[in-house]
Protein chains: 2
Amino acid sequence: MSTHGPDDAAAAPREKKTRRGAGGITLRDVAKLAGVAPITASRALNTPSAVSPEVLQRVREAVERTGYVPNMLAGGLASNKSRLVAAVVPTIAGPVFLETVQALTEALAERGYQLMLGQSGYRDSREDALLETIIGRRPDGVVLTGIMRSPEGRRRLLASGIPVVETWDLTPTPIDMLVGFSHEKIGAEVAAYLHRRGCRRVATISGDDERALRRHRAFSDAAVKLGMALRGENKVPSVVVPAPTTLGSGRRGVADLLAGHPDIDAVFCSSDLLALGVLTEAQARGIRIPEQLAVVGLGDLSFAADLHPALTTVRIDGTTIGRTAAQFIIDRAEGRPVASPIHDVGFTIVERGSA
Amino acid sequence: MSTHGPDDAAAAPREKKTRRGAGGITLRDVAKLAGVAPITASRALNTPSAVSPEVLQRVREAVERTGYVPNMLAGGLASNKSRLVAAVVPTIAGPVFLETVQALTEALAERGYQLMLGQSGYRDSREDALLETIIGRRPDGVVLTGIMRSPEGRRRLLASGIPVVETWDLTPTPIDMLVGFSHEKIGAEVAAYLHRRGCRRVATISGDDERALRRHRAFSDAAVKLGMALRGENKVPSVVVPAPTTLGSGRRGVADLLAGHPDIDAVFCSSDLLALGVLTEAQARGIRIPEQLAVVGLGDLSFAADLHPALTTVRIDGTTIGRTAAQFIIDRAEGRPVASPIHDVGFTIVERGSA
DNA sequence: ATGAAAGCGCTAACAG
DNA sequence: CTGTTAGCGCTTTCAT
């Protein structure tokens with residue numbers, strides 16, 4: 001406004017340029033109603049102990065009367081804390097990560113944090129795009145299922161400064177924090193377990209995701225060392241099926257296995273669903289479990305214990321993973337240092353009827 | 001600043017009070033680097049067609065060089081569009097809603113929206129608290145699995161003005177939009193189906209959630225009308241198990257049922273997992289399916305078709321529900337009217353070996 | 001096609 | 001314990 005127009009010198013100061021005014025109740029309205037400054041109303045809601053009981057009372061009444069709901073977008077922008085945590089899973093369709101996601105959601109909700117869910121697919125391509133939209137929300141933390149392999153992704157995440165928890169795997173060089181277990185150790189221990197149970201011709205059915213393949217490899221190597229492979233072979237028979245794994249691929253997998261190697265006496269499946277498929281196919285063919293064929297699954301899903309025969313499987317404590325990840329993120333978000341940011345939750349071989 | 005201090009009249013204007021400065025790259029930095037005003041950089045990113053190709057180029061380079069990631073909290077606050085959609089499920093642990101959540105996540109991601117996940121539990125109590133935190137995020141839409149029963153919840157949602165899609169159910173009076181199917185119709189049609197197959201002594205195993213119980217009731221009523229209940233009885237035998245349902249509760253459920261009513265010839269289960277439990281128990285007891293006992297599940301989960309015998313079940317197209325809900329929300333968010341905001345996706349009885 | 005100003009709703013910083 | 005002021009980083013409005 002470089003020149004004054006001809007209008008009266010005492011003209012009312014040009015009225016406030018009001019914008020889209022979402023129309024909603026704001027903290028200002030509440031404060032006005034309670035007869036205090038907005039910041040005081042803010043304190044009454046966020047740090048009740050910092051205001052007088054009388055003011056607290058008045059503000060609460062005003063909130064009640066107006067039905068005010070704080071705008072956390074605005075709050076997050078101002079305070080640089082979004083109270084949002086992003087989780088990235090390959091797919092939510094496979095039941096494997098559910099327990100982790102559920103525990104994560106609950107543990108976060110208890111502390112006033114919300115979960116944003118992203119699916120990366122089992123191929124890496126979408127992960128980078130997903131990362132961009134996640135970082136754009138300025139979450140207080142990111143939980144990854146599996147470790148981030150793409151160097152580009154690691155860089156972005158690191159650069160963003162957002163606390164990151166990688167899960168469901170172990171690496172000496174996590175981006176930031178880690179809650180997981182060793183897939184290699186699982187493979188080796190299952191092989192040893194089957195060996196102790198007297199199995200000598202073992203095989204695997206494995207999803208084609210990277211972690212399952214690593215379990216398979218470790219299993220195969222250990223089995224060879226224990227003399228459970230065909231003489232002269234340096235690996236055990238195996239079928240790879242596309243992730244996410246299903247009962248159907250388990251049935252077909254064991255059928256393929258049996259066609260090529262009728263003499264196998266044990267199968268290590270990369271998921272309980274696959275194992276259920278093996279049990280199903282065995283039942284259909286009249287193969288006795290575990291006498292003719294021992295079966296080991298992975299996941300200890302809710303149905304494993306109640307199957308007939310009950311499924312021997314590798315239990316991963318997804319709940320602990322989820323809760324620990326939540327704790328790590330919240331500690332960081334609230335400025336508490338995380339003592340030991342690498343946590344191995346281990347695993348358990350749950351011995352049941354099928355092996 | 002009511003009085004001027006004694007400082008020099010020509011004093012430098014007291015330097016900007018810099019705040020927590022998250023330190024990140026902002027649109028300003030990008031704009032400066034590109035030699036344009038922030039708003040121009042904003043336009044280059046959001047409406048590329050509104051700036052000259054030359055400017056577009058320079059801005060893109062600046063983004064590239066700086067690794068700038070837009071702050072969507074700030075954008076959302078300014079534009080009143082968060083590009084966030086909230087989904088509320090009873091629990092993510094039951095595999096029933098997974099397909100819907102997955103489709104929803106994907107359909108939203110394709111259009112640049114993110115999903116926030118909330119678990120309400122099967123009891124209503126947590127739903128209200130959840131609603132508050134959801135509304136606080138000012139999402140562009142809310143997807144509810146099941147219809148909102150609490151009047152308080154309906155009021156809040158309505159008052160918030162946020163587009164709402166209720167799913168997995170049908171009601172003539174939705175809060176806003178609806179994508180679902182009739183649980184009553186399912187109950188009635190399954191009863192008719194079993195009657196056609198010659199069953200005359202039917203029973204149910206049902207989760208204790210509200211929708212499952214409605215299916216049970218409709219099934220029972222229809223069965224009575226068709227003469228499939230004991231003479232003089234106005235309902236069919238039934239066992240209610242806690243939600244979420246499991247294979248184990250299916251096994252125990254059918255055991256209970258058989259103990260009280262050894263003559264039943266068909267069981268309608270409120271989930272495929274329950275049905276799998278019935279199949280398992282039957283196998284353990286040597287009961288022939290479907291000759292001695294017909295079994296019908298619900299959900300058509302991935303394993304249903306590959307079971308032995310294959311499971312006859314009610315298929316709900318969760319993917320269509322999810323995609324349609326996403327479409328509804330996005331249409332609303334982008335100002336397009338939703339032609340018919342109530343969509344019945346129906347269901348299919350998938351006839352397989354178990355009934 | 002580009003820019004200046006204003007402000008979305010909230011909270012950090014600094015007084016009183 | 002309460003208030004004033006100045007932004008958080010972006011986009012709308014209005015002008016050019």
Side-chain angles (χ1 to χ4, degrees), chain A residues 1-3 13-32 34-56 58-59 66 68-83 135-138, chain B residues 1-3 5 13-32 34-59 66 68-83 135-138:
Chain A
M1 216 187 290
S2 45
T3 64
R14 153 235 241 140
E15 36 205 296
K16 251 184 188 164
K17 187 201 306 190
T18 185
R19 275 220 293 199
R20 60 252 113 174
I25 316 292
T26 74
L27 188 59
R28 263 175 83 138
D29 303 325
V30 171
K32 208 168 292 174
V36 295
I39 182 66
T40 303
S42 169
R43 286 197 268 249
L45 298 177
N46 298 316
T47 41
S49 62
V51 301
S52 70
E54 192 213 352
V55 163
L56 181 54
R58 291 213 313 272
V59 171
T66 54
Y68 168 70
V69 179
N71 183 332
M72 305 192 72
L73 258 59
L77 179 59
S79 67
N80 214 16
K81 287 159 187 312
S82 62
R83 303 208 129 221
I135 295 174
R137 306 272 176 197
R138 302 296 190 268
Chain B
M1 216 187 290
S2 45
T3 63
R14 151 234 241 141
E15 36 206 294
K16 250 184 190 165
K17 187 203 303 189
T18 185
R19 273 222 292 201
R20 56 252 116 173
I25 315 291
T26 73
L27 189 57
R28 262 175 83 139
D29 303 324
V30 172
K32 209 167 293 176
V36 295
I39 179 63
T40 303
S42 168
R43 284 196 271 249
L45 298 177
N46 298 316
T47 42
S49 63
V51 301
S52 70
E54 192 213 352
V55 164
L56 182 53
Q57 166 78 359
R58 292 214 312 272
V59 171
T66 54
Y68 169 70
V69 180
N71 183 330
M72 305 193 72
L73 258 59
L77 178 60
S79 67
N80 215 16
K81 287 160 188 314
S82 61
R83 303 209 128 220
I135 295 174
R137 306 273 176 195
R138 304 296 191 267

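Worth saying up front: this structure is predicted, and the values here are computed from it rather than measured. Numbered from 1 within each chain, the chains take letters A, B, ... in sequence-line order.
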Whole-Å gap separating C1' (dC10(C)) and OH (Tyr68(A)): 7 Å

Flag side-chain contact, heavy atom, 4.5 Å: Leu77(B) against Asn71(A): yes

Distance, rounded to the nearest Å, where Leu73(B) contributes CG and dC10(D) contributes C1': 11 Å

Nucleotide dC10(D), atom P - distance to CG of Leu27(B) in whole Å: 5 Å

Whole angstrom value for the distance that separates C1' of dC10(D) from CG of Asp29(B): 13 Å

dT11(D) phosphate, OP1 or OP2, under 4.0 Å from Asn46(B) side-chain N/O: yes

Smallest separation among heavy atoms of Leu27(B) and Leu45(B), with atom names: CD1-CD1, 4.1 Å

Minimum-distance nucleotide to Asn71(A) side chain [options: dC10(D), dG3(D), dG9(C)]: dG9(C)

Whole angstrom value for the distance that separates P of dC14(C) from CD1 of Ile39(A): 14 Å

Any donor-acceptor pair under 3.5 Å from Ser82(B) side chain to Arg138(B) backbone: yes

Side-chain donor/acceptor contact of Arg43(B) with base of dG3(C) under 3.5 Å: yes

Side chain of Ala37(B) (C-beta onward), nearest among dG9(D), dT11(C), dG3(C): dG3(C)

Phosphate OP1/OP2 of dT2(D): any Ser52(A) side-chain N/O under 4.0 Å: yes

Along DNA chain C (nearest heavy atom to each residue), the more 5'-positioned of Ala74(A) and Val36(B): Val36(B)

N or O in side chain of Thr40(A) less than 4.0 angstrom from dG3(D) OP1/OP2: yes

Heavy-atom closest contact (Ile25(A) atom, Tyr68(A) atom, distance): O-CD1, 3.6 Å

Whole-Å distance separating the CG atom of Leu77(B) from the P atom of dA6(C): 18 Å

CZ-CG distance between Arg58(B) and Leu56(B), expressed to the nearest 0.5 angstrom: 10.5 Å

Arg83(B) CZ - dT11(D) P separation (whole Å): 11 Å

Sugar-phosphate only, base, or nothing, as touched by Pro38(B) at under 4.0 Å among non-hydrogen atoms: nothing

Separation of dC1(D) C1' from Arg58(A) CZ (nearest whole Å): 13 Å

Distance below 4.0 Å between Ser42(A) side-chain N/O and dC10(C) OP1 or OP2: no

